[in-house]
There are 2 protein chains.
Amino acid sequence: MNELALTYRDFASREATSIESICRALVLHNRDKIQIKKEDRAVQNMVRIVRAVISLSQKKGFQGMSLRDLSQETDLSMGALYNYFNSKEELFEMIYNEGKTTILQILETHATDENPAIRLQQAICAHLYLSETLPRIFSFFFMEAKNLSPKNQKNVITMEQSSERYFEKILLDGIKKGIFQIESHQLMAGALKALLQDWYLKRYKFSSRKISVEQYAQFVIQFVETNLYAPGNR
Amino acid sequence: MNELALTYRDFASREATSIESICRALVLHNRDKIQIKKEDRAVQNMVRIVRAVISLSQKKGFQGMSLRDLSQETDLSMGALYNYFNSKEELFEMIYNEGKTTILQILETHATDENPAIRLQQAICAHLYLSETLPRIFSFFFMEAKNLSPKNQKNVITMEQSSERYFEKILLDGIKKGIFQIESHQLMAGALKALLQDWYLKRYKFSSRKISVEQYAQFVIQFVETNLYAPGNR
DNA sequence: GTCTATATAACGATAGAC
DNA sequence: GTCTATCGTTATATAGAC
C-alpha cells in the first residue's frame with residue numbers, strides 16, 4: 001500500500017472539528033439572535049438542537065420536521081426553543097451558514113503542498129476525512145440545500161461548486177506544469193467530486209462492507225491518477 | 001471519437017419512455033385506488049399530477065409540498081385530487097413504485113451483449129440515456145426515498161443498489177473471463193454508479209457547460225476503462 | 001367528475017406564570 | 001431560562017351540491 005499524503009490520524013489530531021466546535025462558533029456569530037446570555041448554556045443546548053435537526057431531517061427532511069418533533073427530541077419546550085432562534089427558517093440558515101464556513105476553511109488549510117500531484121492527494125484526503133468526521137452534516141447540506149431562501153440560493157451554488165473549483169485549480173496547475181495529461185479538467189474535477197460525495201451519501205454501504213476511509217481515499221486517488229497520467233485519455 | 005456501444009438516437013427510437021407511459025402503467029396498476037372510471041381521463045390528469053409532484057418536490061421537497069400547492073399547480077380542486085389517490089403518502093408510493101419498475105426493466109433490456117466489455121458500455125449508456133429522458137424522476141427518487149413508509153424502506157435499498165449490483169455482475173464476468181484486471185469489483189461498481197448519478201443530480205452544471213449526454217457517456221466509459229485494463233490497479 | 005364548503009388535526013409562533 | 005397554555009394559520013381529508 002502506498003503512503004497517503006495525509007493520514008486520518010494526522011488530520012484528526014490537527015483538526016478538532018465536531019458539532020460542538022461548530023455550535024460554539026454558531027453561537028458567537030449569532031449573539032444577536034440567540035437570547036440566552038450564558039454562552040456555555042447556549043452552546044450546550046444548541047448542540048442538542050443541531051444534532052436533533054440533522055437527525056430528524058435525515059428521516060423526514062427539514063420541511064417535514066415539525067418544531068414539536070424538535071421539542072421532543074431535544075427535551076426543550078417549544079417556548080424554550082424560541083430563545084435559540086426566531087423562526088424555523090432562521091434556524092436552518094444559521095446551521096447552513098456556519099457549517100459552510102467551517103468546511104471551506106478546513107479544506108483550504110490542508111492542501112498546501114506546492115507539487116500539484118501531492119496537493120491533489122491532500123485535498124482528496126482532507127475532503128474525505130472531514131466528511132468522515134461530520135458525515136451527517138455533509139449529507140444534510142446536500143439534501144436540504146433546496147430549503148434555502150431565494151436570497152441565499154446563490155450561496156448554495158457557491159458552496160456546492162467551490163470545492164469543485166478548488167480541485168479544478170489544482171488540476172489546471174498540474175496541466176500547466178506538464179505533470180497531468182488530461183483533456184477536460186472540468187469533467188475530471190466533477191467526477192472526482194462525485195466520488196468524494198459518494199462517501200457520505202452512501203455511508204451505510206461502505207460501513208456494511210467494512211471499508212475504511214483511508215482505504216477509500218487510496219481507491220479514489222488510484223482511480224483518478226490512472227486517468228491523470230494515461231496518455232490515451234481523451 | 002470512439003463509437004459508442006449505444007447511441008442516444010438508437011436508445012430513444014427503441015424506448016418511448018415518458019411520464020405519459022409511466023402514468024398509463026400507474027393507472028392500470030392502481031385501478032382499485034383511482035376512482036375515475038374513464039381510463040384516458042385518469043391517465044391525462046395523472047400526468048398533470050405527477051409532473052406537478054416532481055416539480056414541486058424539486059423546489060421544496062415532497063413533505064414541504066402541500067396538497068393546496070398541488071391543487072393550484074394541476075388546476076384540480078382538492079376534492080378532485082382525492083379521486084386519484086386516498087392519501088398523500090399513497091400518492092408518493094404509487095409514483096415511486098411505478099417509476100422503479102419502469103427503470104429497472106429498461107436497464108435490463110439494453111445491456112445484452114455477451115462480451116462483458118461491450119455489455120458494460122451498453123449498461124452505462126442505457127443508464128445515462130434513461131436518466132437524460134427522465135432526469136427529474138431520477139433525482140426525485142434519489143432525494144425523496146427517505147419519505148417511504150418503513151415497510152417500504154427495504155425496497156429503497158433494493159432500488160438504489162439493484163443497478164449497482166447489475167454493474168457488479170458485469171465486472172465479475174469480465175474478471176472471470178480474464179478481460180478486466182481489477183482488485184475490487186464492488187468499489188469499482190460503486191464508483192461507476194456515483195459517476196452516473198452525477199449526471200442527473202447536477203444537471204444544471206452539465207447543461208450550462210453544454211456537455212451532451214453522449215459526450216459524458218464517452219467520458220465515463222474512458223474514465224472507467226482506463227482502470228479496468230491498467231495492471232497497476234489495486 | 002369536479003366543485004365549494006367544512007371538519008378536524010397539526011403547524012409555527014407567542015404570552016405570561018414561575 | 002424554561003414551562004404551559006393558547007393564539008391564528010394552514011394542513012390533510014371529507015361531504016354533499018351540481
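Convention: sequence-line order gives letters A, B, ...; per-chain numbering from 1.
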K.L.:
What is the distance, to the nearest angstrom, from the CE atom on B:Met78 to the P atom on D:dT10?
P.N.:
14 Å
K.L.:
On DNA chain C, reading 5' to 3', which nucleotide is the first and which the last to sit with an atom under 4.0 Å from a heavy atom of chain B, could you check?
P.N.:
C:dG1 to C:dT4
K.L.:
Rounded off to whole Å, could you give me the CG-to-P distance for the B:Leu70 and D:dT12 pair?
P.N.:
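Those two atoms, CG and P, are 9 Å apart.
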K.L.:
Between C1' on D:dA11 and CG on B:Leu56, what's the gap in Å once rounded to a whole number?
P.N.:
15 Å
K.L.:
Between atom CG in B:Asn86 and atom C1' in D:dT12, what is the gap in whole Å?
P.N.:
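Checked: the CG to C1' distance equals 13 Å.
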K.L.:
One thing to verify: whether B:Arg51 and B:Glu73 come together as a salt bridge, which I'm taking to mean a side-chain N less than 4.0 angstrom from a carboxylate O.
P.N.:
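A salt bridge is absent here (no side-chain N lies under 4.0 Å from a carboxylate O).
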K.L.:
With a 4.0 Å cut-off on N to O distance, would you call B:Arg209 and A:Glu168 a salt bridge?
P.N.:
yes
K.L.:
Distance check, rounded to the nearest 0.5 Å: B:Phe138 atom CZ versus B:Tyr200 atom OH?
P.N.:
6.5 Å
K.L.:
Please state how far atom NZ in B:Lys88 lies from atom P in D:dT10, giving the value in whole angstrom units.
P.N.:
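Answer to the nearest Å: 16 Å.
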K.L.:
What is the distance from atom OH of A:Tyr216 to atom CZ of A:Phe206, rounded to the nearest 0.5 Å?
P.N.:
4.0 Å
K.L.:
What is the distance from atom CD of A:Glu15 to atom OG1 of A:Thr109, rounded to the nearest 0.5 Å?
P.N.:
6.0 Å
K.L.:
Reckon B:Ser77 touches a base, only the sugar-phosphate, or nothing at all at heavy-atom distances under 4.0 Å?
P.N.:
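Counting heavy atoms under 4.0 Å across all strands, the contact made by B:Ser77 includes a base.
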K.L.:
Could you say whether A:Tyr82 or B:Tyr84 is positioned toward the 5' end of DNA chain C, judged by the nucleotide with the nearest heavy atom to each?
P.N.:
B:Tyr84
K.L.:
In this structure, how many angstroms lie between the C1' atom of D:dT14 and the CG atom of B:Leu81, rounded?
P.N.:
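After rounding, the reported distance stands at 13 Å.
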K.L.:
Using a heavy-atom cut-off of 4.0 Å across all strands, would you classify A:Asp69 as base, sugar-phosphate, or nothing?
P.N.:
nothing
K.L.:
Mapping A:Gly79 and A:Gly64 onto DNA chain C by nearest heavy atom, which one lands closer to the 5' end?
P.N.:
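The residue mapped nearer the 5' terminus is A:Gly64.
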K.L.:
Any Lys/Arg nitrogen of A:Lys205 or A:Asp198 sitting under 4.0 Å from an Asp/Glu carboxylate oxygen of the other?
P.N.:
yes
K.L.:
With sugar-phosphate meaning primed atoms plus P, OP1 and OP2, does A:Phe85 contact a base, only sugar-phosphate, or nothing at under 4.0 Å between heavy atoms?
P.N.:
nothing
K.L.:
If I take atom CD in residue B:Gln35 and atom C1' in nucleotide D:dT14, what distance separates them, rounded to the nearest angstrom?
P.N.:
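It works out to 11 Å between those atoms.
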K.L.:
Using a 4.0 Å heavy-atom cut-off across all strands, classify B:Arg68 as base, sugar-phosphate, or nothing.
P.N.:
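Base, at least one base heavy atom under 4.0 Å.
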K.L.:
Taking the six-membered ring of A:Tyr166 as reference, does the NZ or CZ atom of A:Lys193 fall below 6.0 Å from its centre and within a 45° cone about the axis?
P.N.:
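No cation-pi geometry.
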K.L.:
Figure out the CD/P separation between A:Gln63 and D:dA11, and round it to whole Å.
P.N.:
11 Å
